[in-house]
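Written below as C-alpha cells is the structure these notes are about.
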Amino acid sequence: MPHRFPLLSEESSDKTPSLTMEIIFRLKVKDAMMTNLRTANKKDTFRVIQKVMRNNDISGVPILEDNRLVGMVSVSDIINALDRGYVEESVEPYMTKQLIVLEDDMPLSFAVSYYNKYPYRRFPVINKNKEFVGVLTTKDVLSTILNEMNNEITLLESQIFHDKVELPNQIIKEYIIKQFDFENAGHASFRLKKLLKEKEVSRKIIRRASVAAYEMEINVAIHSNGGKISFILEENSITIITKDTGPGIKDVAQVIEEGYSTANDWIRSLGFGAGMGIPNTKRVSDEFKIESEMGKGTTVKSVIFLEDTDEGE
Ligand SMILES: Nc1ncnc2c1ncn2[C@@H]1O[C@H](COP(=O)(O)OP(=O)(O)O)[C@@H](O)[C@H]1O
Ligand SMILES: [Mg+2]
C-alpha cells in the first residue's frame, strides 16, 4: 500500500506532548483495534444485518467474502433500505464499497491522521494479506493511549537518571533513548557536540564524534526496544557506548556492510534506513565494536582518539 508518512498537522505536533507522540508512533493499529467482530455476507439481506446490529449493539457491519473485506453496512444504510423499500434485498448492490482502511501494522499515528483527514469515526483494519482483522474506533484509540501513558508515567517515575561517578580527568554523560522517540532522537549527540566544543576539542574530531553518536543514538531509537547512550570523555579519547534491551542483531558482520538495513517503509519515509549508519560510525571511529545477543540486546562501542596519534610526537 502506498502510504505517505502521516502527519499530524503541524499545528498539532507542536502542541502534542512528546509522550503522546511517542506512544502513537510506537503503538500499532493492531494494539488498539477491536477484534472478534460480527461480520456478514454480501448475500445477506438488510433485514438480517439489522438484526445482527440490534443483537450486538453495533452501528456498522463489515461485509466479507473469503475473509476479504468487500463492503460495509451502517445504520444509515439500513434506514435508507427501510425508507426505500429494499430491506428484504441482499446488501450487495447497496453497501459502501469504497472503503478507507487501515493496516494492522501501521503506527497508531496513521490512524490519528486519518481521523483528521476523513469524516469517519471507525475504520476497518486489514492485514498484509488484505484479510479483514478488526475495526478501529476513536474510543479504542483514546483508551489505548491513556492506558499506555499511565504505564509510561509509572516507568518514568522510577527512572531518575544520575551521571556516573567520574575518575579525575574524566567526564561521563548518560542519556536514555526511547524507542521511536523521534522528537528527542539526536538530543544526546547534540549535547555531546556542545560538551566537546566547550572542551575545545578540534572541529574535525567533533565532527567524527557527532556522526558516531548520532548514528548510534538513532539506531537505538529505531531498531531497538530502547536503551541508553554514554559518553566518556578522557584526556586522549572520547568513548561512545550504546546499550539496548533487544531485540539484538542476528548477524553482526552483515549490519556492518554498506546499504544493509531492516528499516520498514514508515521508518524510511522519515528519512532513516539507508543502511549507512553503522558503516559510517565504523569509518569515523578509531576503535569500533558491536556485541549483540538475540533477545538480550546490543552494545555498540566507538572510540575516537582526540589527537592524531602521529602528530606532535
Ligand atoms: N541497536 C540495534 N538493535 C538491533 N538492530 C540494530 C541495531 N542497530 C542497528 N541494527 C541493525 O543494523 C542495520 C544497519 O544499521 P545502519 O547501518 O545504521 O542502517 P539503518 O539504520 O539505516 O538501517 C539496521 O537496519 C538494523 O537491522
Ligand atoms: Mg542507522
Side-chain angles (χ1 to χ4, degrees), residues 2-6 21-23 25-28 31 105-107 109-110 128 152 155 159 161 164 172-193 206-232 238-304:
H3 1 268
R4 202 169 56 82
F5 195 70
M21 291 293 287
E22 190 210 322
I23 286 171
F25 280 112
R26 170 169 23 116
L27 289 178
K28 296 190 169 166
D31 299 323
D105 264 335
M106 288 174 171
S109 55
F110 267 98
K128 276 213 169 60
E152 282 293 326
L155 191 78
Q159 231 176 37
F161 217 66
K164 286 261 175 64
I172 304 181
K173 297 284 175 200
E174 294 197 324
Y175 303 94
I176 287 177
I177 306 169
K178 299 228 201 91
Q179 187 181 32
F180 301 148
D181 185 3
F182 295 107
E183 209 167 317
N184 293 308
H187 280 195
S189 44
F190 179 73
R191 276 177 250 181
L192 172 67
K193 199 169 175 177
I206 293 179
R207 227 170 11 242
R208 287 168 55 196
S210 301
V211 166
Y214 179 76
E215 295 295 352
M216 289 167 67
E217 183 180 359
I218 294 290
N219 276 355
V220 173
I222 65 179
H223 300 299
S224 88
N225 304 331
K228 66 174 183 181
I229 187 162
S230 317
F231 305 127
I232 306 160
I238 167 81
T239 302
I240 304 163
I241 300 169
T242 54
K243 266 189 209 302
D244 65 58
T245 55
I249 296 173
K250 212 178 341 178
D251 183 354
V252 170
Q254 190 172 40
V255 300
I256 291 173
E257 282 169 26
E258 293 189 1
Y260 175 81
S261 176
T262 57
N264 60 23
D265 284 351
W266 71 273
I267 286 179
R268 285 171 201 263
S269 65
L270 279 174
F272 303 111
M276 292 303 292
I278 292 176
N280 283 341
T281 304
K282 188 165 182 242
R283 178 175 52 78
V284 299
S285 305
D286 291 306
E287 288 171 15
F288 181 73
K289 195 164 82 181
I290 302 179
E291 281 170 343
S292 190
E293 198 179 326
M294 289 306 282
K296 285 258 167 69
T298 302
T299 301
V300 181
K301 181 175 169 186
S302 157
V303 182
I304 296 171

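Bear in mind the structure is a predicted one, so any value in this text is a computation, not a measurement. Just so you know, ligand 1 is whichever comes first in the structure, and atom 1 is the first atom listed for that ligand.
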Find out whether Lys178 and Asn184 are in side-chain contact, i.e. whether some heavy atom of one side chain is under 4.5 Å from a heavy atom of the other. no

When you compare the side chain of Ile240 with that of Thr281, does any pair of heavy atoms fall below 4.5 Å? no

Is it the side chain, the backbone, both or neither of [X] that has a heavy atom closer than 4.0 Å to ligand 1?
X: Glu215; result: neither
X: Ala274; result: backbone
X: Asp244; result: side chain
X: Ile249; result: side chain

Would [X] count as a polar contact of ligand 1, with the cut-off being nitrogen or oxygen pairs under 3.5 Å?
X: Gly277; result: yes
X: Thr262; result: yes
X: Pro247; result: no

Salt bridge or not for Arg208 and Asp286, using N-O below 4.0 Å? yes

Residues Lys289, Glu287: salt bridge by 4.0 Å N-O rule: no

Please confirm whether the backbone N or O of [Y] pairs with a side-chain atom of [X], one donor and one acceptor, at under 3.5 Å?
X: Arg26; Y: Phe180; value: no
X: Asp181; Y: Glu22; value: no
X: Asp31; Y: Lys28; value: yes

Short N/O/S contact of Met276 with the Mg ion (ligand 2) (below 2.8 Å): no

Distance under 4.0 Å to a non-hydrogen atom of [X]: what atoms of ligand 1 satisfy this?
X: Pro279; value: 17 (O)
X: Met276; value: 17 (O), 19 (O)
X: Gly248; value: 4 (C)
X: Tyr260; value: 13 (C), 14 (C), 19 (O)

Interatomic spacing from CD1 in Ile290 to CD1 in Ile256 - rounded to 0.5 Å: 4.5 Å

Interatomic distance, His223 atom NE2 to Ser261 atom OG [nearest 0.5 angstrom]: 5.0 Å

Suppose we measure from [atom] to each protein heavy atom; which comes out shortest, and what is that distance?
atom: atom 15 (O) of ligand 1; result: Ile278 CD1, 3.6 Å
atom: atom 7 (C) of ligand 1; result: His223 CB, 3.6 Å
atom: atom 12 (O) of ligand 1; result: Val255 CG1, 3.1 Å
atom: atom 23 (O) of ligand 1; result: Ser261 OG, 2.5 Å
atom: atom 22 (O) of ligand 1; result: Gly275 N, 2.7 Å

I'd like to know whether Tyr175 forms a side-chain contact (heavy atoms from CB on, under 4.5 Å) with Arg191, so could you lay out the CA-CA distance, the side-chain angles of the two residues, the decisive distance to 0.1 Å, and finally the verdict. CA-CA 10 Å; Tyr175 303 94; Arg191 276 177 250 181; 3.2 Å; yes

Mind telling me whether Phe182 and Trp266 have parallel, tilted or perpendicular rings, with 30° and 60° as the class edges? perpendicular

Does Phe272 have a heavy atom less than 4.0 Å from any atom of ligand 1? no

Test item, Gly227 contacting ligand 1 (heavy atom, 4.0 angstrom): no

Atom CD of Glu258: over 12 foreign heavy atoms under 6.0 Å: no

